[in-house]
Every structure is written in C-alpha cells, then in structure tokens.
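Heavy-atom basis, side chains included; hydrogens, waters and symmetry copies ignored. Both ligands and their constituent atoms are indexed starting at 1 by order of listing. For this chain, numbers begin at 1 and follow the sequence in order.
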Amino acid sequence: MAQLWGGRFTKETDKLVYNFNASISFDQRFYKQDIEGSMAHVKMLCKQGILTEAEKDEILSGLSSILSDVENGTLLISDEYEDIHSFVEANLIDRIGDAGKKLHTGRSRNDQVALDMKLYVRDEITTLKELVVTLLSTLHSMMKEHIHTYMPGFTHLQKAQPITVAHHLGAYMEMFKRDYGRLCDIYARMNYCPLGSGALAGTTYPLDRDYTATLLGFDGPTLNSMDSVSDRDYLIELLSCLSTIMVHLSRFSEEIIIWNSNEYQFIEIDDAYSTGSSIMPQKKNPDIAELVRGKTGRVYGALNSLLTTMKGIPLAYNKDMQEDKELTFDAIDTVKGCLHLFTDMLATMTFKKDNMEASAMNGFTNATDAADYLVNHGVPFRDAHGIIGKLVLLCIEKNIGLHELPLEEYKKISPVFEEDIYEAISLETCVEKRNTIGAPGPKAMEEVLQINEAFLKDIKQK
Ligand code: ARG
C-alpha cells in the first residue's frame, strides 16, 4: 500500500478500505496524460522561479523515463499504488530522489485528475470524430451508388411512399452529421485547463495558469477553481452525445435486422459480419446489428449513472466523482467498437435491388401520387383522397395494384382519368419527380450529395 498522505494517521488503512478507495485499476489508463500534465506543470513552475532549471530538467527526464518504461513494458503499473498520480510520483522519487518530491508543488490531485480526464477525453473525442467521419464517408459513397435504387418508405412500419436507398441512407447521414457537430461543440466548450486550481481554492504560489494551458493545447485556464475541480458537465455532455450516437446506430441496426429478415430480403449481410447457429444449420444471423442495438442501453446507463452521481454533490471535490471514470471509459470503448464494426458491416452488405423495387411496386405506395393526379386536373385534394381510397379498396378485392387497374374502372369512378394516369403513378414518376430539396428525387439528391461532399471535404481538412 503506497500512499501520498500517511502523515496525520496513526494506523494503517484497512485493506478493504484501501481497495475500495483505490482507483489505480482503472485510472492507469491515463498514465500518459498524467505525465504530460506533470511535465507542463513543472515547466511552468520553473518559468515562475518556483523550481530551478536543474530541478526541472531532472524531473522532466525522470518523467520521460517513466513514460518510456511503461510504454515498453519494463515498468508495470501495479495496484500497490492508490492511483496513477501516486504511481508516477512514487516512481519519480525512486528514480531521481529529492527533486521528485517537488513535483506536487502548487497542485492537488483534485486539479490533477480533472486535467488528466480532460486530456484523455479530448483524445477520445478526436478518435470518435474520426470514426464518425469514416461512417459518414461510407454512407456518402453508398448514397452516390443508390440514387436510382427504389425501395418502399415506411410509416408505422407500413408501406407509405416509394423512396430510394440513397434517400433512406441520407436520413442517417444527417443524424451522424449532427453527432459530428456535437462532438466538436463539446470539445470546444471543455477545452479550458483546470490545472492550477489546487484542491479547491487555487494557490498562493505565483502560478502562470495561462502558460500551463497553452503548453497543454487548451484555449485558456478555467475561471473558477471550485468549479474546475468539480465540473463534470463535459462528461455528461459527452455521454449524452454518445447516447445519441447509439440511438442512431440502434435504429439503423433495427432496420438492417428487418431488411435482412427472410420476410423482407432487402439486403444480404456479408458472411464475415454474420454468425451461425449451433443447432440450426441454415441460420445466418445479424448478431452485429443486434449487439449494437443491445449495447445502446449500456451507454444510456452510463449517462444516467453520472447524472445521478452528480446531482447531490456539494462543492467542491468529493470522492463520488471518482465514479465518473469507469462508466465513461466503458461508454467510450463501447461506442468506438460499435461505430467501427457497424461501418464495416454497412460497407460490405449488399442491396437486393430487385426485391426492394418489387416491394416498392406493391402496397399502394403510389396512392398519394394517384390523388395528386386528380388534383392536377382540378379535383380538390380531399375529394381526390376519397376517390383513390375507393379505387384502392377495389384493387384489394381484385388483388391487383393501381397500375394494373383497367382505365374503364378508373373512369367509372371519375371521368377525369385518362391513359396518362399510368405514367403518373409509375414507380419512376413517384420517385423521380419529387425534387424539392430533401426529397428522394435525383435532382434534389444531387444537390444534397454536393453539400455532403463539401461537408466531408471541409471536416477532413481540419
Ligand atoms: N482518484 C481520484 C478521482 O478519480 C483522484 C482525486 C483524488 N483526490 C482526493 N482528494 N482524494 O477522483
């Protein structure tokens, strides 16, 4: 049991208490960030005349040797230390002696852990953004390929109107574009450096917090030392954003599961992204999509858990806040894994165009267009709706589609109908004439594709 704080105690910590309190098993994840933060702190202390050049150099080389030894596996992070901060400091003192004891000057573990977590989360946001960009690029290429691939659009999971695969995928494109924007917003809002806030009330040393912030790539120092050590808003925002990404992935997964079902047969998931059954030889299951859908609850759980943890904590730091780590790490890992696998599954799945088109042809997906035909010939929409409703009923009795109903049947119910009704309700017309921006028609789609192309180019340059 190696602790930083034995002085005022007369007894050893109970072993169970020690284990209950310790965080090394999970905060060892940010050993790199902890060392990076310490290096910046030491440089600042030296610049301010609080440490000598020689002390600074000794500490910096000690810290870099710890970093490289951890990375090459010669120094193991063991649980004899309470947390990653104690591990680094104790190892530093072991290596360089007295100078190492000055590392923690003008600093508390409260501002240190606040910094480490921010540095770690910042890197993870960058990785998450890259994964979202890969997903967006995949969707974009798929959209370009499927501008004319017809499929039924649904409401209430009932066939509604025909759309294209590009249009359906485009809906997810918009969702993930917003997710990308949210990740950027969170990064910008959290990017202020808490180091130098001390335990809660700053410090009497003449720290240069602006300098530390600049060294660590922050936009500036945080402005209230109590808030700095107890702010977990950015984690709540991140978990909320991750939950939203999972909503989107989960809805998409649900659709893929439906499309892949024997009843629909709209798509084929690649063998490499499907699994079999131990008993039923014929089975090929969409387990990846199901797991993504299933893991969504776990990410929501993290958000709920942190919100609940934070709600009753008086200012400033309280140990409850240590609970932010495992759940945030787990949520980040889960979402990264889901984004990665989901994108690969998407990129390798194939659309069964004929089945999708055949499905779009039946189920009266052209009924609205038939009503619009009448409207274009001067019939008020409400009357047109009623007329087409009757014709649909007739077709259901005859077990045919509106496109198969003879013209005389049309004329019996309204003299307005002419031969051109068939053209007006063909699948091509229903889709290709819908060209207001945001609609599935190819002209509208081309415009959106151009916007998305520019969006992708812009974010890839950043
Ligand atoms: N392991 C702690 C955490 O994650 C670090 C801060 C400890 N500070 C303290 N005063 N005990 O929150």
Side-chain angles (χ1 to χ4, degrees), residues 1-9 11-38 40-41 66 70 77-92 103-124 190 193-203 212 216 222 224-236 238-239 302-303 305-333:
M1 297 200 286
Q3 287 160 331
L4 297 171
W5 41 263
R8 64 98 67 216
F9 288 80
K11 269 187 182 178
E12 279 269 295
T13 317
D14 178 89
K15 184 79 183 117
L16 280 179
V17 171
Y18 183 82
N19 291 339
F20 191 67
N21 190 49
S23 53
I24 187 101
S25 63
F26 48 87
D27 64 18
Q28 56 178 278
R29 244 191 216 243
F30 46 56
Y31 68 88
K32 210 164 73 201
Q33 287 81 3
D34 193 76
I35 292 173
E36 190 192 346
S38 291
H41 183 62
I66 294 174
V70 171
I77 302 177
S78 81
D79 58 12
E80 75 184 90
Y81 300 93
E82 180 186 339
D83 52 33
I84 191 63
H85 325 298
S86 322
F87 167 83
V88 173
E89 192 177 316
N91 270 279
L92 184 70
L103 170 65
H104 211 52
T105 312
R107 187 175 75 170
S108 153
R109 277 184 297 168
N110 298 352
D111 58 346
Q112 189 179 357
V113 78
L115 171 72
D116 292 1
M117 193 66 177
K118 274 195 169 178
L119 290 174
Y120 181 84
V121 163
R122 252 185 9 182
D123 290 348
E124 292 290 1
M190 68 171 272
C193 184
L195 199 63
S197 299
L200 77 161
T203 160
T212 314
L216 292 167
T222 50
N224 181 290
S225 57
M226 289 181 79
D227 177 54
S228 309
V229 294
S230 54
D231 166 32
R232 299 294 182 270
D233 287 5
Y234 70 101
L235 296 178
I236 292 172
L238 177 65
L239 292 172
L303 172 62
S305 174
L306 187 58
L307 282 168
T308 312
T309 298
M310 293 306 295
K311 85 176 184 56
I313 304 184
L315 289 176
Y317 178 83
N318 293 260
K319 197 63 178 250
D320 319 37
M321 288 170 180
Q322 178 166 290
E323 288 296 308
D324 64 354
K325 305 205 173 46
E326 285 162 291
L327 53 91
T328 303
F329 296 156
D330 183 71
I332 292 173
D333 292 348

Taking only residues two or more places apart in sequence or in another chain, which ones pass ring pair (Phe, Tyr, Trp, His ring centres under 6.0 Å) with [X]?
{"X": "F329", "value": "Y120"}
{"X": "Y234", "value": "none"}
{"X": "F9", "value": "W5"}

>> Using the rule given for salt bridge (Lys or Arg N to Asp or Glu O under 4.0 Å), can you reason through D320 versus R232, listing the C-alpha separation, both sets of side-chain angles and the distance that settles it, and then say yes or no?
In response: CA-CA 11 Å; D320 319 37; R232 299 294 182 270; over 6 Å; no

>> Would you say that K118 contacts T222 through its side chain, given a criterion of any heavy-atom pair below 4.5 Å between the two side chains?
In response: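 Side chain of K118 against side chain of T222, heavy atoms only: contact under 4.5 Å found.
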
> S38 versus L103: any side-chain heavy-atom pair under 4.5 Å?
Replying inline: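 A side-chain contact under 4.5 Å exists here.
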
Tabulating one pair per line, provide the atom names and distances (0.1 Å) for every N/O atom of ligand 1 that is less than 3.5 Å from a protein N/O atom.
from	atom 1	to	atom 2	distance (Å)
ligand 1	1 (N)	S23	OG	3.1
ligand 1	1 (N)	Q322	OE1	2.7
ligand 1	4 (O)	K325	NZ	2.7
ligand 1	8 (N)	N110	OD1	2.9
ligand 1	10 (N)	N110	OD1	3.1
ligand 1	12 (O)	Y317	OH	2.5

